[in-house]
Amino acid sequence: MSFNPQLRRLSSHTLEIDPVIGVLSKPSQRLAVEEFFELFKTPWEYYEPGRKYDVVIVTSEDMPKADAKLLIVYGVETKRTDLRNGIVVRSRSQGGLLDYQRTRVPIYGDLATFEQTEDAKPCLAATSGIAGLRVTKVGGPVEIQLGFDLFQEVELLLSVGQPIENAHVPTLDHHISMLRNWILGEGFPLLEIPPAPTNHPFTVCLTHDIDFIGIRNHKFDHTMWGFLYRSTVGAVRNFVSGKISVNRLLEMWQAAASLPFVYFGWVKDFWSPFEWYLRVEKDLAATYFLIPFKGCSGEHVPGKRAAWRATAYDAGDVQSWIAVLGREGCELGVHGIDAWHSVEKGRAELSRIAELTGGSQVGIRMHWLLHNANTASALEQSGYAYDSTAGYNETVGYLSGTTQVFRPLGAKTLLELPLHIQDGALFYPNRLDLSEPQAEERCKDMIRNAGEFGGVLTVLWHDRSHGPERFWGDFYINLVDVLKSSDAWFATASQAVRWFQKRREVRFERAGIANGVRVFADKTVEREPLLPLCLRVHRPSVEQHPQRSNGAASTYTDVPWNAGTAANFNSLLERVSEESVGLSEVGTSR
C-alpha cells in the first residue's frame, strides 16, 4: 500500500508516546467533553483504569491514581493531587480573567488562585493571582493544576454565550490553544485535524439578510419617514460631528430629494440589493437569507417596536432574482420569523423557501437574531440543515467564543455557523457607532484571529447597507478585498457547514501498530466536491525552550487528506500505511 513518503520524515523524535489523550470528567459533562473534542480534533478517549497514557485531562472530583506522564487537572475542588502535592488554594471567586499570551481570557465559572511552593511553579496567571501551577516531583508525573473547570466553561460558552463586554475574545479557541500548548510544552507531539481546509488559513462566509428589496415598497410608513430623517437631519448631525464628509452629506440630500422619482419609477430604486452584491462579490460564494412571509412580525417578539419586524416583501416577490442567484452559485436560506420558538411554523417557513428555490438542504438565520434556550432543538425538529443565528446585534465578535462551526448542546444533529461581523453593529449610533477607520481595525483584529485559530469568519451585510442613507458599500468592498488577500476559502454557509460535518465524521481509534492510532471516516458520496481536510502533526521544540508549559514553540507538518482512506500512525506519530474505506450513500440526516 502506498503512502506519502513525506510523512516518514515528520519526526526524529525517539520517545515512545501514546497518541491518545485520556479524559476523566464529571458524568454531567459528557456533552461538553464530546463537543470540545470535535473542535479540538485530536485522538482522545474517556479514561480507562489500568491503561497507560502520556496525557490525562481531569475535571472529576473523584480522581483515581492515573498512570500517566502528564496530568492536566482542572477545577477549584480539592483533589487527591492537591493533597499529595501540597497545593494551597489562595482564593476562590465567581469568574475572572486569565492572562494568556497578552490576552485577557475570561472565566465564567468558579476561578481559584494558588500559593506558589518550591515544587509548584506558576504556569498561568490571572488578574487575581496564580491560576495555574506546574508541579514536578522526582519519580512522578508532571502535573499542571488549573484553577477553573474547562468543560464547565465549554458548556457555558456553547449554551449561554459570552456577555457583550467580552465579545471580542475568542475564548473557547483560546482554551484549545492553551491545552495544546501545555501538552506540546511537555514534549509530547500531537496529531490534529485543524479547522480549516488544506492550503487555506480559514473560511469566509459572506451572508446577506434580505429585509428590504427596495424603498419603493414603503410609502408613508415608519421605514420611509426613518429614511428621510436619517438622510436629512441625521446627516447634518453626522457632518457636524465629523463622521461624514461634505460629499457624503450632499449624496444623502440628493437621495432624499430623489425619493418621489423612485416611487414613480423614473429613477432606479437605490435600495435594490441583488445587482450590487453580485457585482461586488463576482466569483465569490455568498448566502442570502430570504423572508418567507410578508407582513408577519411574528409572535413573542420582545420590545415595543415588534410590529416593525414585519416586512413588505417575501421570497415570492423575488422569484426572478432567485433564479439569477442560483445560476451565480449563491445559496438561498430562510430568514426566519417564528421558527425560533415553534416547530410547526419553522416547518412552514422552511417549506416556503424550499418550494421557491428547489433546495433540499435549507439553512436559517432568525430575523433580528431572536432565539431562546430551545431554539436549536426547535430548528432541528423543523428540518433545517444548519442555523446561523448565534451572534450579537449590539456588537461584533464571538457569542459562543469560537470561530468554528459547532453543535449546540441542545441539539443532536443541527450545526451552528456562528455570526461574527455585522454592519449595523459596527455603525449604528445606538450600537458600536464606529468610524470607518475604527471599524476597519476591529475587523482586522477578527481576521487575524481567524488566521490564527482557523474556523469560519461569517460576515453579515444587509440588503440596503450599500446605498443611501447608510452608504456602507465602500467599506464592504474594502473588507471583501482584504479577505480575498488573506487566501481564505470563500464558501456558502451550507458548504462551510458540510466541510465541518466532514471533519466531525473523522474518528480516531487505537491501532495495533506499536501503540499507534488509526484515523478514518465513513466516506459519503458528496453532493459537490469539498476541499480536503488536513492531517497535522505537531512537534514540540522543547530543546530550544527549556521552560516548559509556558507556550513553548512547536513546529508542525500538514498533509492533505480527503478522508477516502484510513491513515495509520505509529507511536511516534509517523504515518505508516493507508487503507481504503468503504462508501456509504448519503442519507437524509444532516
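Position 1 is the first residue of the sequence, and the numbers go up from there.
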Whether the [X] and [Y] side chains hold a donor-acceptor pair (N or O, under 3.5 Å, no angle test) is what I'd like checked.
X	Y	result
Asn166	Tyr108	yes
Glu34	Tyr46	yes
Tyr47	Ser60	no
Tyr53	Glu45	yes
Thr492	Thr287	no

Counting only N and O atoms by type, is there a donor-acceptor contact under 3.5 Å from the side chain of [X] to the main-chain atoms of [Y]?
X	Y	result
Arg442	Leu426	no
Glu380	Ala411	no
Glu143	Val135	no

Value rounded to 0.5 Å, distance of [atom1] in [X] from [atom2] in [Y]:
X	Y	atom1	atom2	result
Thr375	Met366	OG1	CE	7.5 Å
Cys443	Glu436	SG	CD	10.5 Å
Leu460	Leu369	CG	CG	7.5 Å
Leu156	Ser400	CG	OG	11.5 Å
Arg134	Trp182	CZ	CH2	13.0 Å

Salt bridge (charged side-chain N to carboxylate O under 4.0 Å, His left out) assessment of Glu509 paired with Arg518: CA-CA 5 Å; Glu509 67 178 13; Arg518 181 173 181 261; 3.1 Å; yes
Go through Asn449 and Tyr398 one step at a time and tell me if the side-chain hydrogen bond (donor to acceptor under 3.5 Å, both in side chains) criterion holds. CA-CA 11 Å; Asn449 286 337; Tyr398 312 92; 3.0 Å; yes
Testing the basics here: between [X] and [Y], what is the closest heavy-atom pair and its distance to 0.1 Å?
X	Y	value
Ile183	Ile72	CG1-CD1, 3.9 Å
Gly454	Thr403	O-OG1, 2.8 Å
Ile130	Gly132	CG2-O, 3.3 Å
Ala32	Val154	O-CG1, 3.7 Å
Gln162	Pro106	OE1-CG, 3.8 Å
Leu434	Ala439	CD1-CA, 3.8 Å

Any side-chain heavy-atom pair of Thr198 and Leu531 under 4.5 Å: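 They are not in contact (no side-chain heavy atoms under 4.5 Å apart), so the answer is no.
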Going through the checks in order, is the side-chain hydrogen bond (donor to acceptor under 3.5 Å, both in side chains) test met by Gln29 and Thr59? CA-CA 9 Å; Gln29 295 179 330; Thr59 60; 2.7 Å; yes
In terms of ring plane angle, is the pair Tyr428 and Trp472 parallel, tilted or perpendicular, where the classes change at 30° and 60°?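 Tyr428 vs Trp472 ring planes: perpendicular.
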Taking the six-membered ring for Trp, are Phe37 and Phe151 parallel (under 30°), tilted (30 to 60°) or perpendicular (over 60°)? tilted
Pair Gln152-Glu155, side chain to side chain contact (heavy atoms under 4.5 Å, CB included): steps then yes or no: CA-CA 5 Å; Gln152 181 185 22; Glu155 184 174 5; 5.6 Å; no
State plainly whether the residues Arg504 and Glu35 are in salt-bridge range, i.e. N to O under 4.0 Å. yes
Decide, yes or no, whether a salt bridge links Asp99 with Arg104 under the criterion of side-chain N to carboxylate O below 4.0 Å. yes
Stepwise side chain to side chain contact (heavy atoms under 4.5 Å, CB included) test for Cys205 and Leu417: CA-CA 9 Å; Cys205 282; Leu417 174 70; 4.1 Å; yes
Before giving the answer on side chain to side chain contact (heavy atoms under 4.5 Å, CB included), spell out for Arg498 and Tyr386 the whole-Å C-alpha distance, their side-chain angles and the decisive distance to 0.1 Å. CA-CA 9 Å; Arg498 288 201 301 273; Tyr386 65 87; over 6 Å; no
Take His175 and Tyr74 through the ring-ring contact (aromatic ring centres under 6.0 Å, His included) test and state the conclusion after the steps. CA-CA 12 Å; His175 281 299; Tyr74 290 91; 7.8 Å; no
Would Arg431 count as a cation-pi partner of Tyr392, with NZ or CZ less than 6.0 Å from the six-membered ring centre and within 45° of the ring normal? no
Other residues, nucleotides, ligands: >12 heavy atoms within 6.0 Å of His371 NE2: no
Applying the salt bridge (charged side-chain N to carboxylate O under 4.0 Å, His left out) criterion to Glu192, which one of Arg180, Lys41, Arg503, Arg539 satisfies it? Arg180
Walk me through it: do Arg448 and Glu452 pass the test salt bridge (charged side-chain N to carboxylate O under 4.0 Å, His left out)? CA-CA 6 Å; Arg448 281 191 290 268; Glu452 177 180 356; over 6 Å; no
Stepwise side chain to side chain contact (heavy atoms under 4.5 Å, CB included) check, Phe569 with Val519: CA-CA 8 Å; Phe569 290 79; Val519 188; 4.0 Å; yes
Let me see the working for Asp387 and Thr389 under side-chain hydrogen bond (donor to acceptor under 3.5 Å, both in side chains), right down to the final yes or no. CA-CA 6 Å; Asp387 177 45; Thr389 303; 2.6 Å; yes
